[in-house]
Every structure is written in C-alpha cells, then in structure tokens.
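Every heavy atom of this structure was used, including side-chain atoms; hydrogens, water molecules and symmetry mates were not. Source: prediction; values computed, not measured.
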Amino acid sequence: MMEDSFYMKRCIHLAKLGQGNVAPNPLVGAVIIFNNKIIGEGYHEKYGEAHAEVNAVNSVKDKTLLAESTIYVCLEPCAHFGKTPPCSDLIIQHKIKNVVIGCIDSYSEVAGKGVAKLKAAGINVRTGVLEKECLELNKRFFTYHNKKRPYVILKWAESIDGFMDIEREQNQEGVHWISQAETKQMVHKWRNEENGIAVGANTFLTDHPKLTVREIEGNSPTRFIIGNIGGQKNNYEFNIGNDKRLTVHELMDEIYKQNIQSILIEGGASILNQFLKAKIWDEVRIIRGVNKISKGLKSPKLDIKPTEEYSYGKDFIQIYLND
C-alpha cells in the first residue's frame, strides 16, 4: 500500500541519521502511526544506546494510543539481549497492535526470532515492505555477517587520461592532487560512513596520508596499513604485513577479526588491483579530475559499465557495484 511505502521511506531516512555512529550495529529507524498520523518516531543514534523502537516509543506522548497503533521499522526487531533489552519485548509490553517490517535480520541472533516472538504474542506482523531498499540500507551489516568479511569499497582518483599519479623519481615523496579541493569534503564524508580505511605501505610512505575525517564533523575510521612500513608507529591502529605477505583473503580475515564491518581501500594501484583480481570488492568509486598527467602510474581498469555517474564540482564521479 502507498502509505506503507511512505512510512517505510521515513524509517530509512531516520536510520541514515545514525550513519558513522552505530556500527557494529545496523542502521534502524522506526515510525509509530495512529489513525494515519505519526505520533512517534526514532532511530538508533549511537552504538550501546537505545535502539530505534525504544526511541520511537519514548517519543509518544500518550502511551495509551500504542495498543491501537502500528509501528513501522526497517529491520526486524531484535529478540536477544545485547547492549540493550530485546525490542520485540518492548513492542509486546506496550501491546502495539501491528508491526510492519522492511526486511528480516539475517544475523544469527535474530534471523526471524523477533517476528516469531511477536506473532506468538498475537501481534499482526507484515514483512517485506521496501525490502530491497532496506537491505541496501544495511548492506555493510549483512555482508559482514553473511560473507564473514567487511563490505569493501575501492576508491581512487585518476586524471582525465587515466593516471593515478605522476611518474616519480626514486623515493620522491609528496601528494600530487588530481581531484579538486571541493571534492575533499565528499571523500571525508565517505570515510565517516565506513568502519575502516586502508592504504598500502608504499602509498603511506610516499603520500603520508592522515586517513582521517577533517573536512566534516564525524568519527574517523580505524586505519590500516597493508605492508611493511619499517616499524613506524604514527598512532595507526593496525599494521598488517610486517611478518608475512598476506593474500587478499587472509587480509580480509584479519580485518573481519577486528570487527570492522566495512572498509574503504584508498590505494595504491598494486593493492587496488589485487582486490580487483581476487574479486573481493562490493563497490568501486572513481573520482576523475579535469587535468592530464600524460605519463605516470596507470589507474586500475574495470571491464563493466558504471552503475552511477555524476558531476561533483569540476570532478566526475563513477560508482560501480559488484553484482
């Protein structure tokens, strides 16, 4: 029904407000309806704090209306005790009449148990409203739990003629900027949305990237260096590869063990090509600048068409999804 889609879209909008703050939990929004009017809404704002359903219920001024209300939630309410009590118990406690769910939570601790508990309590439950959009919302969470690896985003900037970097003399350091200054803010927003960020040792030693969020307010991802940097510390949280050369699969296993649900791989070319060759990636994001380099380090190549393309200031963005 049209109203179902409308209210579920509102749940998704609310859920996105928690991006960058709730991992390793999923993004969830909830809306409570009484007589076709929104009387309460909420979202999971921060890991370890109240879930979306709790915040939605708490926002309802007249709790007597809940027994005749419908709660929309983009992800199946949890049925287990974690940092907070089960949300399915809260719904049952307030005798909310109807529950409309976007998608089932495939995480083993939930996986239909929330729906089963609600139905056993006599509550009307409907699932699958805007299911595709709700699954997309928590693609990082589902990839981590279902594939046992982080959601992988490969990102690089390239010149208009397809180079990632200038031709460098031996040990030549410093960043050669390809994208425009205004694009930096967008990239820092991308960083804020992911749990982890990684570069290869060569890129780290040449460009000295901070790999932090600075152009916007938000949390910086956990930083990883892939390779040997000679024992430098630099306050980086994790350095992979000092003792042995890891395959991409082994690298993902190590990062999975760190409870990193998503990671942005920012280079360099060798690392990016290894991920592409191993077919371990979920998204590729390419920023194409306006200038030519003519001679230097060639950027990786994809033999598929982009899923999305758009201009951002003077730069051009291409998004590829690995289906």
Side-chain angles (χ1 to χ4, degrees), residues 5 8-30 43-47 51-52 72-78 101-112 114 127-155 186-187 189-198 218-219 221-222 224 248-249 251-253 255-256 258-266 272 275-276 278-286 302 304-310 317-323:
S5 296
M8 195 59 70
K9 283 179 181 177
R10 178 61 182 167
C11 289
I12 293 171
H13 171 78
L14 289 167
K16 288 179 178 178
L17 298 177
Q19 192 130 36
N21 295 310
V22 304
N25 284 351
L27 297 164
V28 185
Y43 66 97
H44 185 27
E45 299 177 18
K46 190 175 181 181
Y47 175 68
H51 287 187
Y72 287 79
V73 59
C74 54
L75 184 67
E76 178 185 7
C78 59
I101 297 167
C103 65
I104 298 300
D105 188 347
S106 57
Y107 175 44
S108 61
E109 291 288 342
V110 186
T127 62
V129 175
L130 295 187
E131 183 177 38
K132 183 179 178 181
E133 292 85 345
C134 291
L135 288 169
E136 169 71 15
L137 172 69
N138 279 304
K139 57 191 176 184
R140 296 161 178 83
F141 179 80
F142 291 130
T143 296
Y144 179 81
H145 289 292
N146 296 337
K147 295 186 177 181
K148 306 302 180 187
R149 67 161 174 82
Y151 187 87
V152 177
I153 302 170
L154 308 181
K155 170 259 172 184
M186 179 188 66
V187 171
K189 181 178 181 296
W190 287 352
R191 290 177 176 179
N192 172 247
E193 292 170 352
E194 311 311 330
N195 297 157
I197 187 170
N219 298 319
T222 299
F224 297 84
V248 173
H249 291 87
L251 176 64
M252 289 297 94
D253 287 342
I255 292 177
Y256 173 81
Q258 302 294 315
N259 295 320
I260 300 294
Q261 287 191 356
S262 64
I263 189 160
L264 186 64
I265 310 291
E266 290 206 1
L272 292 166
F275 275 87
L276 290 170
K279 297 182 180 179
I280 298 182
W281 61 276
D282 299 287
E283 285 185 45
V284 169
R285 299 176 185 177
I286 302 173
L302 294 170
I304 57 174
K305 292 183 178 179
T307 308
E308 184 182 0
E309 297 179 299
Y310 58 92
I317 313 298
Q318 291 182 313
I319 308 293
Y320 296 79
L321 298 179
N322 189 2
D323 297 324

### Task
Of all the heavy-atom pairs spanning Ile101 and Pro77, show the shortest one and how long it is.
CD1-CD, 3.7 Å
### Gln261 side-chain N/O to Tyr144 backbone N/O, donor-acceptor pair under 3.5 Å
no
#### Entry: Criterion side-chain contact (heavy atoms from CB on, under 4.5 Å) on His145 and Ser106, from CA distance to verdict
CA-CA 8 Å; His145 289 292; Ser106 57; 5.6 Å; no
### Task
Applying salt bridge (Lys or Arg N to Asp or Glu O under 4.0 Å), run through Glu193 and Lys189 and close with a yes or a no.
CA-CA 6 Å; Glu193 292 170 352; Lys189 181 178 181 296; 2.5 Å; yes
### Task
Dump the intermediate steps for side-chain contact (heavy atoms from CB on, under 4.5 Å) on Gln19 and Leu27, then the final yes or no.
CA-CA 7 Å; Gln19 192 130 36; Leu27 297 164; 4.1 Å; yes
### Residues Tyr151 and Asn195: side-chain donor-acceptor under 3.5 angstrom
no
### Leu130 side, atom CG; Ile12 side, atom CD1 - distance, nearest 0.5 Å
5.5 Å
### Query
Is there side-chain contact between Leu75 and Phe142, with heavy atoms separated by less than 4.5 Å?
yes
### Query
Side chain of Thr307, backbone of Leu321: donor and acceptor closer than 3.5 Å?
yes
### Message
Side chains of Glu283 and Ile319, heavy atoms from C-beta outward: is any pair under 4.5 Å?
### Response
yes
### NZ/Lys139: more than 12 non-hydrogen atoms of other groups inside 6.0 Å
yes
### Message
Strictly below 4.0 Å, N to O, side chains only: are Glu194 and Arg140 in salt-bridge contact?
### Response
yes
### Task
For residues Arg285 and Ile153, determine if any side-chain heavy atom of one lies less than 4.5 Å from a side-chain heavy atom of the other.
yes
### Message
Would you say that Phe275 contacts Val284 through its side chain, given a criterion of any heavy-atom pair below 4.5 Å between the two side chains?
### Response
no
### Message
Applying salt bridge (Lys or Arg N to Asp or Glu O under 4.0 Å) as the test, list every pair that has at least one member in residues 143-155; sequence neighbours left out.
### Response
Arg149-Asp282, Lys155-Glu266
### Test log, rule side-chain contact (heavy atoms from CB on, under 4.5 Å), inputs Arg191 and Leu264
CA-CA 7 Å; Arg191 290 177 176 179; Leu264 186 64; 3.9 Å; yes
### Query
NE2/His44 to SG/Cys74 distance, rounded to the nearest 0.5 angstrom?
11.5 Å
### Query
With a 4.5 Å heavy-atom cut-off, do Ile304 and Asp323 have their side chains touching?
no
### Task
Rounded to the nearest 0.5 Å, what's the gap from CZ on Phe224 to CD1 on Ile263? Could you check?
5.0 Å
### Task
Measure from the side-chain N and O atoms of Asn219 to the backbone N and O of Gly20, and report whether any donor-acceptor pair falls under 3.5 Å.
yes
### Message
Could you tell me if the side chain of Gln318 sits less than 4.5 Å from the side chain of Leu302, heavy atoms only?
### Response
no
### Query
Going from CH2 on Trp281 to CG on Leu154, what distance comes out if it is rounded to the nearest 0.5 angstrom?
7.5 Å
#### Entry: CA sep, side-chain torsions, deciding dist, call: Ile280, Met252, side-chain contact (heavy atoms from CB on, under 4.5 Å)
CA-CA 9 Å; Ile280 298 182; Met252 289 297 94; 3.9 Å; yes
### Message
Are Ile286 and Tyr320 packed together at the side-chain level, in the sense that at least one heavy-atom pair is separated by less than 4.5 angstrom?
### Response
yes
### Task
Give, for atom NZ of Lys132 and atom SG of Cys103, the distance between the pair rounded to the nearest 0.5 Å.
13.5 Å
### Shortest non-hydrogen separation from Gly102 to Cys134 and the atoms involved
CA-SG, 3.6 Å
#### Entry: Shortest non-hydrogen contact from Pro26 toward Phe141
CD-CE1, 3.6 Å
### Interatomic distance, Tyr72 atom OH to Leu14 atom CG [nearest 0.5 angstrom]
14.5 Å
### Query
Between Lys279 and Asn322, what is the shortest heavy-atom contact and its length?
O-ND2, 4.0 Å
### Task
Considering non-hydrogen atoms only, spot the tightest contact between Ile260 and Pro150 and give its length.
O-CB, 3.2 Å
### Message
Keeping Glu76 on the side-chain end and Asp105 on the backbone end, is there a donor-acceptor pair under 3.5 Å?
### Response
yes
